[in-house]
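Okay, so here's the structure we're looking at.
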Amino acid sequence: MVETLSIAVIGAPGVGKTSIIRQFIYNDFSEAYTPTRSRYVYRPSVILNGNMYELKILDVPPISSFPASASQEWLDLRCRGVRNANAYILVYDICCVESFEYVKMIKQQIVENREGSSSEVPILVVGNKRDLQRQRFMPRRAVSVLVKKTWKCGYVECSAKFNWHVVLLFKELLGIAVARGMRQNHTSIRLQGALQRNRCTVM
């Protein structure tokens, strides 16, 4: 029986979350910006320590707040499945402080409003657009220390445009999930390349 791991990818407009997902799954990047207006679900499969998993990656459109209740989640089509996701990827643009503040707000709301034990749910903060390093609003080390030490979240920087650290961030997220015991007794992760359409990746 194939187990499903649900991952919600959330971020402010224009941070590149859809580009990150598409690079990971299809090894594809488009220079044209197309705003995410509705929730989209990607379903790649991976093999982790000899066991197959189906990833249910939710590309969530920009939302004003994390749904505070099941009824709020149900009423807003953009939020379906967000409250009970197994893990979260919160994406911001390293050149845009407002997008970082948005991630900070959503992270806090996840902790306050999520069903079950929010302290155990893996949250990975991802700084995208590393190719624009010289325009960043805060040094990488300062952000990393803040996110890891104060927020108690994982942190990775990537460039969706150049497919730099895109695979790493998914590996990091699954590593957090394993460390927190969400996947039964899986002690190591091995990742071989990005996912391809209609293919399964060994992790």
Side-chain angles (χ1 to χ4, degrees), residues 4-25 33-44 55-70 72-130 137 143-144 146-148 150-160 165-166 168-177 180 182:
T4 299
L5 179 66
S6 176
I7 302 171
V9 185
I10 304 174
V15 297
K17 55 187 175 52
T18 301
S19 294
I20 289 172
I21 296 170
R22 292 190 62 83
Q23 270 287 25
F24 180 58
I25 299 174
Y33 171 57
T34 304
T36 304
R37 304 194 183 281
S38 60
R39 190 190 69 134
Y40 194 85
V41 179
Y42 297 84
R43 292 184 177 273
L55 299 185
K56 180 182 179 183
I57 302 177
L58 309 176
D59 186 358
V60 182
I63 51 178
S64 57
S65 62
F66 187 83
S69 65
Q72 183 181 337
E73 177 185 35
W74 181 256
L75 289 171
D76 190 343
L77 290 174
R78 299 172 303 172
C79 296
R80 295 281 173 86
V82 168
R83 278 175 60 80
N84 60 357
N86 299 116
Y88 297 90
I89 295 175
L90 306 183
V91 183
Y92 78 98
D93 176 349
I94 67 168
C95 306
C96 177
V97 66
E98 291 82 7
S99 68
F100 184 72
E101 291 298 326
Y102 175 85
V103 159
K104 180 180 178 181
M105 175 192 75
I106 292 294
K107 180 266 173 188
Q108 187 59 37
Q109 291 177 354
I110 290 173
V111 172
E112 294 172 355
N113 298 311
R114 205 188 115 87
E115 293 179 333
S117 177
S118 60
S119 62
E120 292 302 314
V121 64
I123 299 176
L124 182 67
V125 175
V126 174
N128 188 30
K129 306 189 182 181
R130 182 64 187 269
F137 64 84
V143 181
S144 178
L146 173 65
V147 171
K148 291 180 177 179
T150 306
W151 297 8
K152 308 299 183 186
C153 297
Y155 183 71
V156 172
E157 290 191 355
C158 73
S159 168
H165 279 185
V166 171
L168 175 67
L169 76 89
F170 282 92
K171 179 178 179 181
E172 179 79 8
L173 181 71
L174 292 170
I176 296 171
R180 298 192 182 183
M182 294 195 63

Subject >> Sidechain-backbone polar pair: N128 side chain, Y92 backbone, donor-acceptor under 3.5 Å >> reply: no
Original post:
Rounded to the nearest 0.5 Å, how far does CD1 of I10 lie from OH of Y88?
Top reply: 6.5 Å
Original post:
With distance as the sole test, does T150 use its side chain to make a donor-acceptor pair with the main-chain N or O of V147 at under 3.5 Å?
Top reply: no
**OP:** Taking the six-membered ring for Trp and the full ring for Phe, Tyr or His, determine whether the centres of Y40 and Y42 are under 6.0 Å apart.
**Re:** yes
Original post:
So, does Q109 use its side chain to make a donor-acceptor pair with the main chain of F66 at under 3.5 Å?
Top reply: yes
Original post:
Does Q23 use its side chain to pair, donor to acceptor, with the backbone of A160 at less than 3.5 Å?
Top reply: yes
Original post:
About how many Å separate CD1 of I110 and CE of M105, when rounded to the nearest 0.5 Å?
Top reply: 10.0 Å
Original post:
So do T36 and K17 actually touch side chain to side chain, heavy atoms under 4.5 Å?
Top reply: yes
**OP:** Please name the pair of heavy atoms, one in S99 and one in C96, separated by the smallest distance, quoted to 0.1 Å.
**Re:** OG-O, 2.7 Å
**OP:** Any chance you could measure L90, atom CG, to C153, atom SG, to the nearest 0.5 Å?
**Re:** 7.0 Å
Subject >> Stepwise side chain to side chain contact (heavy atoms under 4.5 Å, CB included) test for F170 and I57 >> reply: CA-CA 11 Å; F170 282 92; I57 302 177; 3.9 Å; yes
**OP:** Flag the pair F100 / W151 as yes when their ring centroid distance falls below 6.0 Å, and as no otherwise.
**Re:** yes
**OP:** Hey, could you give me the OG1/CD1 distance between T18 and I20, rounded to the nearest 0.5 Å?
**Re:** 9.0 Å
**OP:** Check the pair R43 / V41 against side chain to side chain contact (heavy atoms under 4.5 Å, CB included), numbers first and verdict last.
**Re:** CA-CA 7 Å; R43 292 184 177 273; V41 179; 4.1 Å; yes
**OP:** Identify the two heavy atoms, one from V60 and one from A8, that lie closest to each other, and give their separation to 0.1 Å.
**Re:** CG2-CB, 4.4 Å
Subject >> Step-by-step side chain to side chain contact (heavy atoms under 4.5 Å, CB included) determination, L169 to I89 >> reply: CA-CA 9 Å; L169 76 89; I89 295 175; 3.8 Å; yes
**OP:** Drop me the distance from R130's CZ to C158's SG, to the nearest 0.5 angstrom.
**Re:** 10.0 Å
Original post:
Is a side-chain donor or acceptor of E172 paired with a backbone partner of L124 at a separation under 3.5 angstrom?
Top reply: no
Original post:
Do D59 and R39 pass the salt bridge (charged side-chain N to carboxylate O under 4.0 Å, His left out) test, and can you show the C-alpha distance, the side-chain angles, and the key distance before you say yes or no?
Top reply: CA-CA 6 Å; D59 186 358; R39 190 190 69 134; over 6 Å; no
**OP:** Show your working on side chain to side chain contact (heavy atoms under 4.5 Å, CB included) between V111 and V121 and close with a plain yes or no.
**Re:** CA-CA 9 Å; V111 172; V121 64; over 6 Å; no
Original post:
Among P67, S38, P61, whose side-chain contact (heavy atoms from CB on, under 4.5 Å) with R78 holds?
Top reply: P61
**OP:** Could you check if a side-chain atom of V103 sits within less than 4.5 angstrom of a side-chain atom of V125, using non-hydrogen atoms only?
**Re:** yes
Subject >> Main-chain N/O of N113 paired with R83 side-chain donor or acceptor, under 3.5 Å >> reply: yes
**OP:** Please assess S6 against N86 for the test side-chain hydrogen bond (donor to acceptor under 3.5 Å, both in side chains), listing each intermediate value before the final yes or no.
**Re:** CA-CA 5 Å; S6 176; N86 299 116; 4.9 Å; no
**OP:** Check for a donor-acceptor pair, side chain of K56 on one end and backbone N or O of A85 on the other, with a separation under 3.5 Å.
**Re:** no
Original post:
Could you state the interatomic distance from CZ (R80) to CD (E73), rounded to the nearest 0.5 Å?
Top reply: 8.0 Å
